[in-house]
Structures are given as structure tokens and as C-alpha cells.
Colleague: 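One structure, pasted below without further comment.
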Amino acid sequence: GPFGRLTVQGGESRAVNLLQNRNICPTEPVEPPKANLRDDLKKVNTSPDLFRCTLTTLPQNQNLLNKCKLPLGIVLHPFKDLSHLPVITSSVIVRCRSCRTYINPFVTFIDSRRWKCNLCYRVNDLPEEFMYNPLTKSYGEPHKRPEVQNSTIEFIAPSEYMLRPPQPAVYLFVLDVSHNAVEMGYLHSFCRVLLDELERLPGDARTSIGLLTFDKVLHFYNLAEGLSQPQMLIVSDTEDVFLPSPDNLLVNLQESKEGPALQVAHKLMTPTGGRVCVFQSCLPSLGPGALKPREDPNQRAGNAAQKFFSRGEKEKDVQHLGPATDFYKRMALECAGQQIAVDMFFMPGQYTDIATLSGVAKYSGGCTFYFPGFHPVRAPAQVTRFERDLRRYLTRKIGFEAVMRIRCTRGLSIHTFHGNFFVRSTDLLSLPNVNPDAGFAMQVSIEEALVDSSTACFQAALLYTSSKGERRIRVHTMALPVSSNITEIYAGADQQAVVGLLARMAVDRSIMSSIRDAREAVINACIDCLAQYRSSVAGQQLGALMAPWSLRLFPLYTLALLKHPAFRLGTSTRLDDRVNTMNQLKALPLAANIMALHPHMYAVHNLNDEGALTIRDQIIPQPPILSLSSERLSRDGAFLLDDGEGMYMFVGRSISVRFCTDVLGTESFAAIPDVMFELPELDNADSERVRSFVGWLREQRPFFPPLQIIREDSRQRMVFLQHLVEDRSESMFSYYEFLQHIQKEACK
Ligand SMILES: [Zn+2]
């Protein structure tokens, strides 16, 4: 049969013939693999939502890693919002004297007074204080302390963890008020949301806030107490910016209820550090940091005539993926040095050179948001998304003046980092701000064989100042088994983490070399891995493409990556759109990356209560996830596609009149408007089912995805259809053709 079974100790070690199992896509979200550890260790291991490894069984040495042809790396979401987090207030934080690892559930107690470090194997003494257990209020049971019962934990740090008194929360908003920006009308949305949420900005009595606006000149606002209204101060010399009145420009929140603009923001914030938030609507054209339009509209697709694989041919690739000037990177590094992070909200009507401008967020631990074509009338969904995203942005928690260090068991070594930060030393990341929606990844190599223990660990420690002025350390520790058996390594592979890491590597490669090179590297990773699996595990079966069960979606995800707006060629893609998706692949958590690559699609015209969830008295239908193929669509159906950032409902031309009237609130299919962004609240069971399902999906993530309703005969249909990655398109293979190609190459 198609499923050959191999027996390996532990782990899922089935092999599957992909060519015979084309409907490989699961109908429920893919569960991350659990490391094959002893049950007691498995129970305390860190959540895969926070910390994952591409290989949940680690190869014992680099040779074995090289042989299996999979990238070794970790992906983490270290500051994710948690519903449960043990917080420890302790006068002493127990750490290894040699490698500074925090005591954790995977250490060994030699006796009741000594513990052996699981990263460097040094034996350490336990301090007297550790004998007391604050949870059980008893003495003498160090292994029951919360530090060794939880792999994710937060410490309140004593004074030796600070270089200066904890900084207050400081927020500076830098607003583009050029003609362009005023016309597009984002200021109205911004002011309304800021006013709504002012009370909810994270902080305490020391929190301060400032405003700076710019067009051809810079405008400061003196918000000092005692003035009847804010005083506007104008600085027109953009070559030599100075602060007109350093006091009162940043004011205490409780008492008073680009290019050059960035330089001023930097000067203003230098004494405290904090968060600068820049709203930019067009290409900066004046003063230092001015940029020129560089996009060639004829090259948006790369070379349109290019075939899927055309090795060796010198064809034009997409240009200008990297920055035009290092002005913004230098600016970011200066900011990072002063504990200032810069976040960018891009609302471009036309090319804005995000490749250059986003550098300021990239190297300062900031983040970027992108609302192309923002317009209250022409693009109401962008306005909704802007307002919801801004709300989340303003009210989510924040850490200031942070550093993150990743330690790993002796023999392992981290060599490349991905995310928004500044690398201070080989394993220390400087994060002027840390936000709960940021993701990171690191590539790992094995420098010394892992022979000292049957498990190895990674520990991430994030030291930051909370918005309440507390120095805190959040620690995550992940344990993984080590094996010398290649079958076990394959059985433990985490296909989503593998693709997430490959995507980040491909972004770097696109910028350093070319998109063509990056695409080839991704395809080769897939081919080489399956070729190796065939020769060392599955054996040679004529006409089969065998994959380990753990990697059954690897080729599908690889194809999705090649069709993603970041890496696609042959389909017109605006340069800023492309660069924005690359930035997101680098800086978002893995779960968001996977949703963007391989969205979830559901039929919603026939929702029922079978298998539904009931949450707060509301019934939430649970339709199966469909594979991303037009074969799954039907003329009489409605299909919802969710890519994490947006939702699209595709309505077939033979949809029932009942669905139109009861769910969409229109008389017929033909009456569905061209621009429709929300479902009406209609008082019937079908409408309630669809709305409760959409609402439930939205609750799963921090940012609000807008919904767009698309008629089958609408010009907008490509917005939906381009996500169907299993289909053949003009310039790219279908999933089946891709499998055949992989099979041909892997079985050479
Ligand atoms: Zn140690």
C-alpha cells in the first residue's frame, strides 16, 4: 500500500508516497511535533507556541546533520501574550557559575545541595534560599521549586540586572502631514484611535508622550502645563536640526492629557530611550535620508517569460530589494544605542522604498506595518485594518531596554540570527523595545558531537524593563533528545519550522544574491532532503516519491513559498509589496508565517453544528480545512480563505438565493456589490453561523484581519485565486507537476 511502516523506537516514522497521496493536506490545523522525551520531561517542556526546533530529535554530530540535508535552527516567540506565567520574586536567581544558565526543569540534582548544569555540565551548589519553596511554604525540596517545575518563567530582577534606574515608558509619534498624507486622511483615524486608547497605553505615573509632525518643515508641539492650547514650534532648517525647547516636548501623560524628523526624534528621546512611531505616506524627498524612486514597473515580475526552472541562464532578476542608502540603518544603530526603537506605519499611495526605510525598524528592534493604497473611500478595508492594528499596537504590552541571549548545550552553536534587533555579541541581541508580536529565528550548527548526554537544551533569556518600571527576565528552556539514527532524525522533523527557517534564509539570499538563487536553494533543499531520505531510509521504489510522515507537507509548503509574493517570479508584484512580505517573513512568529504561506480555506455555504464548539453560549461551526485547489471550489458554494492578515470570501455564480439573502443581505448573486467588506448582521441561523465562525477565527490572533467578499465574476477574483497554490498558473507548476519534478530530480 501507499503507507510503508517502519518501526523505530518512539516518534512517528511512517513513510508516505506523495505521488499517490495528493490529498495530503490535513482538515485540521497541523500540530507541531512533540519532542520524543521521557513522559515527565515531555510534560514540562516549553510550549511549541513559544519555542520550536526544526529537528525535534537532534543529530548527534554535524556529519549526520549534513547527511539529512535539513536546516537546523530554532524559531521563537519569546514575548508572546500568555494566559499563565509563573512570576518569581526571589532575592537570589540561581544560575550556573560557569555558563550563566538559569536553573530549569532539565538540570540534574546530584543531591539536595548540588545541581548539574544541563548546558555545560558543571556541578553547582544550591544557595540556602533555594531550599525554601514559596509555593508549598516548605523547606528541603529544591526539585519542587517553580524554577524546576516550569520551562517558561519570569523573574523580577534584582538591582545587579540594571545599568541605570528602569526607564519610564516614553512614546513619541512622528506624523507625516505632507499634502499627500493630509489628502489620504489617515490623521483623522490616528487621532480618534489615540484618544480612545490614551488611557490604555502601557505605563505608570511616569509615562510621557510627544508629537512631532513634518512636511517640508518640522513641527514640534509644546504641551506644557499652564498653556491654554499646545504651542506649535516650527523648524525649517532640515540640514541642522535642533530642539527648540527640549522641555515640555515630551510631557508626562498624566499631567497634560523621516529623515530630519527621525533625527529630531532621536535627539528628543536620547535621555530616556523609548518608542518612536513614524507614520509615512510617501518617499522622503528632502534633507538627509532623501530617496529617489527606483522601482522599474516593467520588472515587477522579474522576467515574465522566465520558466519555473531555468538554471544557468542570465536573466534579469528583481532589482532593488536591498537599501539604497545606509542612512536609515545608521540611524537605527544610533537609536538602538540609546534604547530607542523605531516603528514604521507605511501608508503609501505609490512607491515608498520600504526596502530602505524599513531598515530603521529592522536594526532598532522595531516593527513595520503596511497599508498600501490607504483611502477612506477607495479602500475602506485598509482603514479598518489600520484602526484595529493601531489599537492593538497602542495597547499591547511592551518591554523597554531589552536584551535577549540564547544559550545552548555545549557542542551546539548559533551562527545566524533572523528578526528585528541589533546583534551586540555572538549570542546577545539588543532590543531597545520588545513587543509580544515579534518572532525570531536562529540557525544552529553542531561544533562538537553531542555525546555527553541523551538530551540537549536551548535556553532563551529576555531581560527587559516593564512598562511599570520593573526589571524582569523571561526565560524559556527547551529540551530535545539526541540521536545518531537518521530515521529518528527524519521522524522528528518539524516541517513548519523547517519551512519557516528556509523562508528566512531565502529572504537573506534574495537580498544578497537574487530571488532566482533563493528559489533554487529552496527547491534544492526539498529535493536533496527527499533524495537522501530515499537512499538512506525509504529505499528505492520505482515511480514513488517517498517522504517521512513528519515531512509530508514539505514539498507543498516549498511550492507555496515559491508562489508567495516575496519570491514569486512571472507574476507582477509591486516592489514595496514584495519587500513588505519579506520583512514579515523575517520578523513575525512562525504561526503567522505559515498562515501567510499556506492559508486555511473553508466552505461556508453549508455550515452546520456538527462538531461545533460552544463558547460563551455561542455555537461556533468547525468546517474542515480544504486543500488550496480550485478543485475544491464549486459554483454553488461560498468559500472563506484566511491568510492570517486578511480574509476573502469567494462566492460562486450559482450560489443559492437563500445564502445571498440570509448571509450576504443581497437579493441575488448579481446584486453583490463590487466592494463589500463586512457581513451584515442578519437575524437568522445561517448568518449567525457564518459570523460566529469569522469572529472566532479573528479572536485567534492579535491583529484584526478584514474580510473582503468577492463575486466569482469580479475583477477582484485573482486576489482570492492566487492563494490556491496547488493549481497551475501561467508561470508556475501545479502541486502534482511539482511533485513529479521533485521525484525526477530526487531519484536521479
Ligand atoms: Zn552551565
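Remember, it's 1-based here, ligands and their atoms both numbered in the order they're listed.
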Colleague: May I ask you to check if Arg474 and Tyr464 form a cation-pi contact, with NZ or CZ under 6.0 angstrom from the six-membered ring centre and within 45° of the axis?
Modeller: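 Not satisfied by the 6.0 Å and 45° rule.
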Colleague: Quick one: do Glu128 and Arg113 make a salt bridge, cutoff under 4.0 Å?
Modeller: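 Salt bridge flag = yes for Arg113 with Glu128.
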Colleague: Would you say that Phe106 contacts Thr409 through its side chain, given a criterion of any heavy-atom pair below 4.5 Å between the two side chains?
Modeller: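 Of all side-chain heavy-atom pairs linking Thr409 with Phe106, none is under 4.5 Å.
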Colleague: Could you name all protein N, O or S atoms found under 2.8 Å from the Zn ion (ligand 1)?
Modeller: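 Only Cys96 SG, Cys99 SG, Cys117 SG, Cys120 SG fall inside 2.8 Å of the Zn ion (ligand 1).
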Colleague: Looking only at the aromatic ring of each residue, does the gap between the centers of Phe703 and Phe369 stay below 6.0 angstrom?
Modeller: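 Ring centres of Phe703 and Phe369 closer than 6.0 Å.
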Colleague: Suppose we screen for salt bridge (charged side-chain N to carboxylate O under 4.0 Å, His left out). Which residues come up paired with Lys586, at least two apart in sequence or across chains?
Modeller: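 Expected list: Asp508.
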Colleague: Step through the shown structure and confirm whether more than 12 heavy atoms of other residues, nucleotides or ligands are within 6.0 Å of NZ on Lys144.
Modeller: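 Count not over threshold, so no.
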